[in-house]
Structure formats: C-alpha cells, structure tokens
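Notes follow once the structure below has been shown.
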Amino acid sequence: MAFEVTDIDETRAPLLDHLIELRSRLMRAIFALLIGFGVCFYFADPILGFLVQPLKDAFPEGEGQLIFTKLPEIFFVELKIGLFAGFMVSFPIIANQLWAFVAPGLYAKEKKAFLPFLIATPVLFIGGAALAYYVVMPLAFLFFLGFGGEAGGLTVQALPAAGEYLGLVMQFILAFGLTFLLPVLLMLLHRAGIVTRAQLVAARRYVIVGIVAIAALVTPPDPGTQVILAVPLLLLFEGSLLLMRLQERGVKKNAIDADDAEGEAEVDAETGPETTSDPSDQPAQ
C-alpha cells in the first residue's frame, strides 16, 4: 500500500503562502527600523540635546554638565539613541505591517472592533511619555540634585554620566508610556470575555493597591512623582470602567433589537401574507 500525503500537500501551499507573507512583512518592518535608526543616529546629538533638557533646567544656571567616564561610552550612547528614537519613528510602519498581516484573517466586524485599539495605543503611549518628560523628569531631577551641597567640609556635586542618564530617561519614558496602555489592555480583556466590568469593580481596591505599587516601582523614591503617575492611572482605570459600561449597554441593546426582529419575523410567518379581495370576484347582485 503506497504512502499517501494528499492532505499534507493540500495544506502546504496555504501555509507556505502565510510564511512567505510573514517574512515579507518582517523584512519591511526591519527595513523601516533600519532606516529610522540611520536617520536618528545621524541626528543623535540634537536628540541627546532634547533629552538632556530636563536635567539642564534642574541645574542652576551655567552649572549643569554631562560626563562620560569611558572612551567608547558616548559612542554607545548615540547608538542607543539611534535605536530608541528609530523604533519610535518607525513604529507606525511596523504596526501597519503587523495589522496588514493579521487583518485578512479577521471579519469586518472584528476589524472595526480592533481599529480603536490600534489608534488609542500610540496616543496613550505618547501621552505617558510626554507626562514623563515634561512633568515627572524635571521634578525627579530637582529631587535628586537637592542632595548636593557639602558634607564633612567637602563639596558634594552631581556629575551624571551620559550612559546612566540615558538609561534613566529611557526607563522613565518606557515605564510611563507602557503603563498608560492600561485601558487598552483592560478593554481587550473585556471584549475577549476574560474579565467583566463587575469583576473589575469588585476588585477596585486591589487595583488601586497595584497601581500605587507600580507607581512606586517605576518612579524615583519621592512621593510627588509617584502621585503624578498613580493619579492618571487611576483616572484611566475609571475611564475604562465607563467605556465598558457603554459597551455592555450597546451589546444589550443590539441583543434586544435582534430578539424583537426575530419575534416580528415569527409573527409574520404564523399569520401569513395578507390577501386582498378583488371586487370582480364578488358575485353579481
């Protein structure tokens, strides 16, 4: 008896097509990332000047400086800046390639459901990063520099290294940007049926404790910056609950409308089509 692989051969072509398309999408995303890296690496000095502005403002006038203690340190700093900024610049193209690969497998209703999340993700991330850069970082650097002065007759002066400073800035931006994606995560879990609004409302006190703990972990050890992160996260959580309520009302209304339409269809089927009598069919008087 010959060994047949008909089923495997029939499914191999679609699988290979998907793999080829995935490779094509990944190559385009990597190409976009490389272009963004090259452009941002070329402008690494202006980007670094933008990133050090909060530290410069925290120092007294004319006293701020940024040093490097190893010869290749500043080179690797510029590489990190090029990669970090290049990813930010090329992210819309990367997300577009990901969506173009996933979208053909979704129904039109599912595409409409996921589209708001795709739009909200970069908006919320940029909002969190802007809060970190314009509000949290200046306050945090003022807090850190406040420990300078004199100790035992010696001057205690802050001399931040470029590599350590860039790592701290990236930590701030990524931490605030990612934590601001909390509503997107909650709404996706709710739409998928993994969690319900009632469950989140019942667990509100635990969520508040978790948000405060996250704020304490990703911010410096001063209450001001922790509150600055915790309060927006709490507001985003409450906003997510409100959106869930609106979504549940919409689903319930659609279900009621569907039941009403189904009931009317059943009534029409039972009564049958209405007939009208033709006057010519009446017997003559």
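Just so it is clear, the model here is predicted, and its values are computed rather than measured. Note that these values count all heavy atoms, side chains included, but never hydrogens, waters or copies made by symmetry.
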Inset, instruction - For the residue pair Val201 and Arg204, establish whether any side-chain heavy-atom pair is separated by less than 4.5 Å. - result: yes
Inset, instruction - Could you pull out the closest heavy-atom pair between Pro92 and Val89, with the gap in Å? - result: CD-O, 3.3 Å
Inset, instruction - Assess whether ring pair (Phe, Tyr, Trp, His ring centres under 6.0 Å) is satisfied between Tyr165 and Phe141, documenting all intermediate values. - result: CA-CA 11 Å; Tyr165 174 75; Phe141 296 155; 5.6 Å; yes
Inset, instruction - Could you tell me the separation between the CG atom of Leu22 and the CG atom of Asp17, rounded to the nearest 0.5 Å? - result: 12.5 Å
Inset, instruction - Would you indicate whether the side-chain heavy atoms of Phe125 and Leu178 approach each other to under 4.5 Å? - result: yes
Inset, instruction - Find the distance between CD1 (Ile74) and CG (Leu48) and round it off to the nearest 0.5 Å. - result: 6.0 Å
Inset, instruction - Specify the closest pair of heavy atoms between Met244 and Leu186, including all atoms of both residues, with the distance to one decimal. - result: CE-O, 3.4 Å
Legend entry - Non-hydrogen atoms of Glu78 and Asp45 that approach each other most closely: OE2-OD1, 2.8 Å
Legend entry - ring pair (Phe, Tyr, Trp, His ring centres under 6.0 Å) between Tyr133 and Phe50, worked out: CA-CA 10 Å; Tyr133 179 83; Phe50 174 77; 4.5 Å; yes
Legend entry - Under 3.5 Å: donor-acceptor pair, side chain of Ser90, backbone of Ile93: no
Legend entry - Donor-acceptor contact below 3.5 Å, side chain Ser240 vs main chain Leu236: yes
Inset, instruction - For Glu164, look at atom CD and say whether over 12 heavy atoms of other residues, nucleotides or ligands are found less than 6.0 Å away. - result: no
Legend entry - For Gln65, all residues meeting side chain to side chain donor-acceptor pair (under 3.5 Å), sequence neighbours excluded: none
Inset, instruction - Carefully, step by step, assess Phe37 and Leu79 under the rule side chain to side chain contact (heavy atoms under 4.5 Å, CB included). - result: CA-CA 9 Å; Phe37 167 76; Leu79 282 179; 3.8 Å; yes
Inset, instruction - Evaluate the side-chain proximity of Arg191 to Phe117: yes if any heavy-atom separation is below 4.5 Å, no if none is. - result: yes
Inset, instruction - Please name the pair of heavy atoms, one in Val123 and one in Ile119, separated by the smallest distance, quoted to 0.1 Å. - result: CG2-O, 3.3 Å
Inset, instruction - Decide whether Met88 and Leu51 are clustered together by the hydrophobic rule: side chain heavy atoms of Ile, Leu, Val, Met, Phe, Trp, Tyr closer than 4.5 Å, transitively. - result: yes
Legend entry - Over all atoms of both residues, closest heavy-atom pair of Leu124 and Leu181: CB-CD2, 4.0 Å
Legend entry - Within 6.0 Å of CE in Met170, more than 12 heavy atoms from elsewhere: yes
Inset, instruction - May I ask you to check whether over 12 heavy atoms, not counting those of Phe87, lie within 6.0 Å of atom CZ? - result: no
Inset, instruction - Drop me the distance from Asn96's CG to Phe91's CZ, to the nearest 0.5 angstrom. - result: 11.0 Å
Inset, instruction - Looking only at non-hydrogen atoms, find the nearest pair between Ala120 and Val184 and report the distance. - result: CB-CG2, 4.3 Å
Inset, instruction - Verify the cluster assignment for Leu234 and Leu241: are they in a single hydrophobic cluster under the rule of side-chain heavy atoms below 4.5 Å apart? - result: yes
Legend entry - Same cluster (ILVMFWY, side-chain, under 4.5 Å), Leu66 and Leu142: no
Inset, instruction - Calculate, to the nearest 0.5 Å, the distance between atoms CG and CE belonging to Leu182 and Met187 respectively. - result: 11.5 Å
Inset, instruction - Determine, stepwise, if the pair Leu118 / Trp99 fulfils side chain to side chain contact (heavy atoms under 4.5 Å, CB included). - result: CA-CA 9 Å; Leu118 293 177; Trp99 173 252; 3.2 Å; yes
Legend entry - Linked, directly or transitively: Ile228 and Val231 (ILVMFWY side chains, under 4.5 Å): no
Legend entry - Separation of Leu33 CG from Leu26 CG (nearest 0.5 Å): 12.0 Å
Legend entry - Approximate separation, where rounding is to 0.5 Å, of Gln171 CD and Met137 CE: 11.0 Å
Inset, instruction - Kindly indicate whether the side chain of Phe172, heavy atoms from C-beta on, has any atom under 4.5 Å from the side chain of Leu131. - result: no
Inset, instruction - Give a yes or no on this: more than 12 heavy atoms of other residues, nucleotides or ligands lie within 6.0 Å of atom CG of Leu71. - result: no
Inset, instruction - Answer with yes or no whether the hydrophobic clustering places Leu166 together with Val52; edges join I, L, V, M, F, W, Y residues whose side-chain heavy atoms lie under 4.5 Å apart. - result: yes
Inset, instruction - State, yes or no, whether a side-chain contact exists between Phe180 and Leu229 at a heavy-atom distance under 4.5 Å. - result: yes
Inset, instruction - Check whether any side-chain heavy atom of Phe84 sits under 4.5 Å from a side-chain heavy atom of Ile173, and report yes or no. - result: yes
Inset, instruction - Using the test side chain to side chain donor-acceptor pair (under 3.5 Å), find all partners of Glu21 that sit at least two apart in sequence or belong to another chain. - result: none
